[in-house]
Amino acid sequence: MIKKYAVLLLLGAFALMLLPFVTEVTPFEELSPVAQKYVKDGPDELGSANLVSSVIVTYRGLDTLGEVAVLFIAAAGVGFMLRRRGDAKKPVKREASGILRSGTVFLFPLVLLYGIYIFLHGHLTPGGGFQGGVVIASGIVLLLLAGVSAKISGTVLHWIESLSGAVYVALGVLGIVLAAGFLDNRILPAGEFGRLLSAGAIPLIYSLIGLKVGAELVGIIDAMQKDEL
Amino acid sequence: MTLITILGFILIVIGIWGMLSQSNIIKIIIGFSIVDTGIHLVMVSIGYLKDRTAPILDETVGKAEALARVVDPVPSALVLTAIVIGLAVTALMLAYAVKLHEMKGSLDIHDLKELKW
């Protein structure tokens, strides 16, 4: 009982702490100086039509590398904790319905294609590597739900993940050699603004991130269910 | 501030209530997820400027007028990062929950007494 009141008291104090944000802070009218620089110089400097992508991949590219690293460590942790033992008995699964099965066979290639589209067009439209990777992983979840065996080899998955991560870092280092700094996207020609092949290395880096995130999430899903994918 | 900010704060408070008052580990993880979502809403709403559009340039929003017409891209980028980290942390917590259930056969935190004194 006393715990309940303590929780309520704590929540009240917390809400009181947040209150000045609501009452006293006025919304911004102008972009902050940093954002002004990104919006004003970004398109000409990097050639990316999606300014959020230019911030994520180039201006704050190091953060994104850290983020990919965190995702990798989490996936490794999940895989370590839920690793299969050989003697684990297979759970009894109910057969998926015919509608789900034929729908999955039809939809899975489209979902995969859509994921690839999202990460290839990350510098032009809303989207990017992380979103595309998640869409690809959702296609795999669909396969699992329908009970369609995909025969995805774990070795291939690990190679995709490690290679894309290594090439990502290598591209970053190439930026130091050929352009202004680590993860600079101007190692490739900027191209025509607003076209698919533009914005230097941004589409390339986003594709690598997409492959890596997709492979990692499939690994997490694979670890979380008992039988083989 | 805007309505979205207030809604974000409400979600944060609801999530913290869930984490403090529930004793089922899955429900605590759901509470964490709700806090996460609330924080994302608050961050996005801070970067939002009234009557402006997404920071993506095309035929309607050209390079020249971008400065006066787009919202702040930095909070959007931060939230994108935060969503992915939130996903990773949630997956890790769920893995812990599965492991705990394997060991104890229960998801109630009152059954886990090792760290109590």
Side-chain angles (χ1 to χ4, degrees), chain A residues 3-4 6-8 10-11 14-15 18 21-23 25-32 34-36 38-40 42-44 49-56 59-60 63-64 66-68 70-71 73-75 77-78 80-82 124-126 128 130-131 134 193-194 213 216-217 220 223-224, chain B residues 1-3 5-6 8-10 12-14 16-17 19-21 38 42 45-50 52 54-59 61-64 66-85 87-100 102:
Chain A
K3 197 191 146 203
K4 211 171 182 178
V7 166
L8 282 180
L10 199 69
L11 282 183
F14 189 70
L18 295 178
F21 281 98
V22 180
T23 53
V25 177
T26 48
F28 296 112
E29 297 287 326
E30 278 288 301
L31 293 173
S32 64
V34 181
Q36 274 185 16
Y38 290 163
V39 171
K40 200 160 69 137
D44 290 324
N50 184 343
L51 297 173
V52 178
S53 290
S54 64
V55 172
I56 288 179
Y59 288 127
R60 304 282 175 99
D63 291 8
T64 308
E67 178 188 2
V68 171
V70 168
L71 193 63
I73 292 166
V78 171
F80 171 72
M81 244 176 317
L82 300 179
L124 303 175
T125 54
F130 295 101
Q131 297 90 320
V134 171
F193 186 77
V213 170
E216 259 156 19
L217 291 183
I220 289 180
M224 281 193 167
Chain B
M1 288 296 276
T2 55
L3 185 64
T5 321
I6 297 167
F9 283 140
I10 291 173
I12 292 174
V13 172
I14 291 175
I16 291 177
W17 172 80
M19 282 200 278
L20 289 176
S21 65
V42 171
S45 72
I46 286 173
Y48 178 73
L49 303 170
K50 203 167 179 301
R52 294 204 187 192
I56 297 170
L57 307 183
D58 51 13
E59 293 85 33
V61 185
K63 282 185 202 175
L67 210 52
R69 287 203 50 198
V70 299
V71 301
D72 197 335
V74 180
S76 311
L78 284 178
V79 168
L80 195 81
T81 310
I83 289 173
V84 178
I85 302 293
L87 176 93
V89 172
T90 312
L92 201 56
M93 286 196 294
L94 285 171
Y96 273 123
V98 170
K99 212 66 196 165
L100 276 177
E102 254 175 37

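Reminder, nothing fancy here: chain letters follow the sequence lines and each chain counts from 1.
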| If you round to the nearest 0.5 Å, how far is OG1 of B:T90 from CD1 of A:I220? |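 Output value for this atom pair is 10.0 Å.
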
| task | Apply side-chain contact (heavy atoms from CB on, under 4.5 Å) to the pair A:F14 and B:I12, showing each step before the final yes or no. | result | CA-CA 10 Å; A:F14 189 70; B:I12 292 174; 3.6 Å; yes

| At what distance, to the nearest 0.5 angstrom, does CG of B:L20 lie from CG of A:L8? | 10.0 Å

| Under a 4.5 Å heavy-atom cut-off, does chain B meet the side chain of A:S54, its backbone, both or neither? |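 Neither part.
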
| note | Counting heavy-atom pairs under 4.5 angstrom with chain A, the leader among B:A91, B:P55, B:G47 is B:P55

| request: Measure distances from B:L87 to the heavy atoms of chain A and classify the residue's part below 4.5 Å as side chain, backbone, both or neither. | output: side chain

| query | Rounded to the nearest 0.5 Å, how far apart are CG of A:L10 and OG of B:S21? | reply |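 Going from the CG atom of A:L10 to the OG atom of B:S21 covers 11.5 Å.
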
| field | Closest approach of A:M81 to B:L92 (non-hydrogen atoms, all atoms of both residues) | value |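 The pair with the smallest heavy-atom distance is CE-CD1, 4.1 Å.
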
| request: Pick whichever of A:V34, A:V7, A:V68 has the most heavy-atom pairs under 4.5 Å with chain B. | output: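 The candidate making the most pairs under 4.5 Å is A:V7.
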
| query | Is chain B contacted by the side chain of A:I73, its backbone, both, or neither, given a heavy-atom distance below 4.5 Å? | reply |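 Looking at A:I73, nothing touches chain B.
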
| query | Roughly how far apart are B:L78 CG and A:R60 CZ, rounded to 0.5 Å? | reply | 6.5 Å

| message | Check this for me: B:Y48, atom OH, are more than 12 non-hydrogen atoms of other residues, nucleotides or ligands nearer than 6.0 Å? | response |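 Yes, because the 6.0 Å sphere around OH of B:Y48 holds more than 12 heavy atoms from other groups.
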
| field | Option in B:V84, B:V89, B:V13 with maximal non-hydrogen atom pairs under 4.5 Å from chain A | value |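 Looking at each option in turn, the highest pair count goes to B:V84.
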
| Is chain A contacted by the side chain of B:V71, its backbone, both, or neither, given a heavy-atom distance below 4.5 Å? |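 Only the backbone of B:V71 comes within 4.5 Å of chain A.
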
| said: Taking every non-hydrogen pair under 4.5 Å, which of B:I83, B:L80, B:V70, B:L94 racks up the most with chain A? | reply: B:L80

| task | Against chain B, label A:Q131 side chain, backbone, both or neither, depending on which of its atoms sit under 4.5 Å from a heavy atom there. | result | side chain

| request: Go through the atoms of A:L71 and report whether side chain, backbone, both or neither lie under 4.5 Å from a heavy atom of chain B. | output: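 Both parts, heavy atoms under 4.5 Å.
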
| note | To the nearest 0.5 Å, atom CG of B:D72 lies from atom OH of A:Y38 at 10.0 Å

| note | Ranking A:D63, A:L11, A:V134 by heavy-atom pairs under 4.5 Å to chain B gives rank one to A:L11

| task | Could you grab the distance from atom CD1 of B:I6 to atom CG of A:L18, nearest 0.5 Å is fine? | result |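 If we round to the nearest 0.5 Å, B:I6:CD1 and A:L18:CG are 11.5 Å apart.
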
| Interchain contact, A:K3 with chain B, by part (heavy-atom threshold 4.5 Å) | side chain

